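The shown structure was predicted, so the numbers you read here are calculated from the model rather than taken from an experiment.
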Amino acid sequence: MSMDLMKKDLEVFNIFLNEKQIHQFYNYYELLKEWNSFMNLTSIIEFDEVLKKHFVDSLSLIKAVPDISQKDYNLIDVGTGAGFPGIPLKIVYPDLKITLLDSLNKRVQFLNEVINRLELKHITVIHGRAEDYAKPDKLRESFQLCVSRAVANLATLSEYCIPFVKKGGYFISYKSEKVTEEFECAKSAIHLLGGKFEKQIEFLLPDTDIYRNLFVIKKVSVTPVKFPRKAGIPSKEPLIK
């Protein structure tokens, strides 16, 4: 197995891996493959595909936050699943303070194992739902950055994520499809939750025809206290116009 293609891909983003980081990515892949044999972490498990569709894709955040390596950002990854994008970001940007949030305890156990084996510091895993942890007595408006690659419509994701962001910070949603209609439906939710759409960054993963985009939403005002609604409601009844 070789990391050469991934290293070449990341050079497109001006990311250059050192030997320690290469070793960490190898170990991460091996743990992912091992744990995926007895629990459902990802349907993508071939080495080259994981590198491209999970690791490189996760690191495309630099297109939306070009100064991520220079600033002391505090970031939460909502619905992190197998750790994407949070763990690849932590490997490449070790000074990032990262919180991983996931609702399934088995995934949380996997993530803690990855953190221990890769010897990552200043990264925390929380077992819970976004609707509960975005409350005022929890993690509400505690982060400069909130990211999510979770599979949900943008209106629902906005209700999960925008409450975590400090005023002046950003919620960045990773999407793998052209979601013009979905975005139009989410506009009112974004505004209602204190966000303002700033830009959409469309691109192909390096040396592929795999389409990706990042929706960049700035937090411009405090989220009304009634949001997020109770667990389960944002997914069943999205705030769409």
Side-chain angles (χ1 to χ4, degrees), residues 39-41 58 61 64-65 68 72-90 93 96-116 120-175 186 189-196 214-239:
M39 62 179 286
N40 183 26
L41 288 168
S58 292
L61 183 69
V65 191
I68 195 166
D72 190 24
Y73 281 118
N74 189 8
L75 176 150
I76 185 168
D77 176 4
V78 173
T80 186
F84 308 123
I87 287 179
L89 289 169
K90 185 65 185 176
Y93 306 111
L96 267 182
K97 296 181 183 69
I98 292 183
T99 298
L100 306 175
L101 179 66
D102 200 85
S103 62
L104 189 65
N105 192 48
K106 285 185 178 179
R107 287 196 291 257
V108 168
Q109 292 172 10
F110 165 73
L111 295 168
N112 279 317
E113 177 70 6
V114 172
I115 288 166
N116 290 334
L120 301 175
K121 307 298 182 187
H122 307 298
I123 180 167
T124 303
V125 187
I126 294 175
H127 173 221
R129 298 182 68 118
E131 301 98 315
D132 297 325
Y133 274 86
K135 298 299 183 187
D137 61 337
K138 298 284 188 177
L139 297 175
R140 190 180 189 86
E141 298 184 340
S142 298
F143 301 91
Q144 292 104 343
L145 295 174
C146 177
V147 297
S148 184
R149 285 175 89 231
V151 180
N153 72 70
L154 190 57
T156 297
L157 279 178
S158 294
E159 189 169 356
Y160 290 156
C161 294
I162 291 174
F164 285 109
V165 182
K166 293 179 178 179
K167 189 176 175 182
Y170 289 89
F171 161 46
I172 299 160
S173 174
Y174 290 67
K175 288 288 183 180
I190 291 167
H191 176 74
L192 192 61
L193 294 158
K196 181 183 179 184
L214 299 168
F215 280 96
V216 181
I217 295 162
K218 186 171 185 179
K219 183 74 170 278
V220 294
S221 60
V222 173
T223 300
V225 70
K226 64 182 177 180
F227 300 114
R229 292 165 294 167
K230 288 182 181 179
I233 295 177
S235 59
K236 291 175 185 172
E237 301 173 19
L239 295 168

Separation of [Y] [atom2] from [X] [atom1] (nearest 0.5 Å):
X	Y	atom1	atom2	result
S103	I126	OG	CD1	13.0 Å
L89	L61	CG	CG	5.5 Å
T124	L139	OG1	CG	9.5 Å
N112	I123	CG	CD1	9.5 Å
I162	L193	CD1	CG	5.0 Å
F143	T99	CZ	OG1	4.0 Å

Side-chain contact, heavy-atom cut-off 4.5 Å: [X] with [Y]?
X	Y	result
V147	Y174	yes
H127	V125	no
K90	H122	yes
I98	Y93	no

Where do [X] and [Y] come nearest, in terms of heavy atoms and distance?
X	Y	answer
L214	A64	CD1-CB, 4.0 Å
A152	L157	O-CD1, 3.6 Å
C146	V165	CB-CG2, 3.6 Å
L101	G128	CD1-O, 3.6 Å
S158	I190	OG-CG1, 3.5 Å
V225	P136	CG2-CG, 4.4 Å

### Message
Checking R140 now: which residues fulfil salt bridge (charged side-chain N to carboxylate O under 4.0 Å, His left out) with it, not counting sequence neighbours?
### Response
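So R140 forms no salt bridge (charged side-chain N to carboxylate O under 4.0 Å, His left out) with any residue.
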### Message
Restricting to salt bridge (charged side-chain N to carboxylate O under 4.0 Å, His left out), what partner residues turn up for E237, sequence neighbours left out?
### Response
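Per chain and number, E237 pairs via salt bridge (charged side-chain N to carboxylate O under 4.0 Å, His left out) with no residue.
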#### Entry: For F110, ring pair (Phe, Tyr, Trp, His ring centres under 6.0 Å) partners two or more places apart
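F110: ring pair (Phe, Tyr, Trp, His ring centres under 6.0 Å) contacts with W35.
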### Message
Test of understanding: with side-chain hydrogen bond (donor to acceptor under 3.5 Å, both in side chains), list the residues that count as partners of Y73, not counting sequence neighbours.
### Response
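Y73 satisfies side-chain hydrogen bond (donor to acceptor under 3.5 Å, both in side chains) with D67 once adjacent residues are dropped.
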### Task
Could you walk me through whether S148 and S173 pass side chain to side chain contact (heavy atoms under 4.5 Å, CB included), step by step?
CA-CA 5 Å; S148 184; S173 174; 5.7 Å; no
Only counting residues at least two apart or in another chain, list the ones meeting side chain to side chain contact (heavy atoms under 4.5 Å, CB included) with [X].
X	value
S235	T156, Y160
N116	none
A134	P163, F164, P228
K138	Y133, K135

According to the salt bridge (Lys or Arg N to Asp or Glu O under 4.0 Å) rule, which pairs have a member within [range], sequence neighbours left out?
range	answer
residues 214-227	E141-K219
residues 156-169	E159-R229
residues 97-106	D72-K97, D102-R107

Report, one line per pair, each donor and acceptor closer than 3.5 Å where one atom sits in a side chain of residues 76-88; sequence neighbours left out.
unit_1 : atom_1 : unit_2 : atom_2 : d
D77    : OD2    : T80    : OG1    : 2.6
D77    : OD2    : G86    : N      : 3.0

### Query
Under the side chain to side chain contact (heavy atoms under 4.5 Å, CB included) criterion, do Y170 and V65 qualify, and how do the steps go?
CA-CA 9 Å; Y170 289 89; V65 191; over 6 Å; no
### Message
With a sphere of 6.0 Å drawn around NE2 of H191, does it hold more than 12 non-hydrogen atoms of other residues, nucleotides or ligands?
### Response
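Counting other residues, nucleotides and ligands, NE2 of H191 stays at 12 neighbours or fewer.
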### Message
Quick one: does any side-chain atom of Q144 pair with a main-chain N or O of G169 as donor and acceptor, under 3.5 Å?
### Response
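No.
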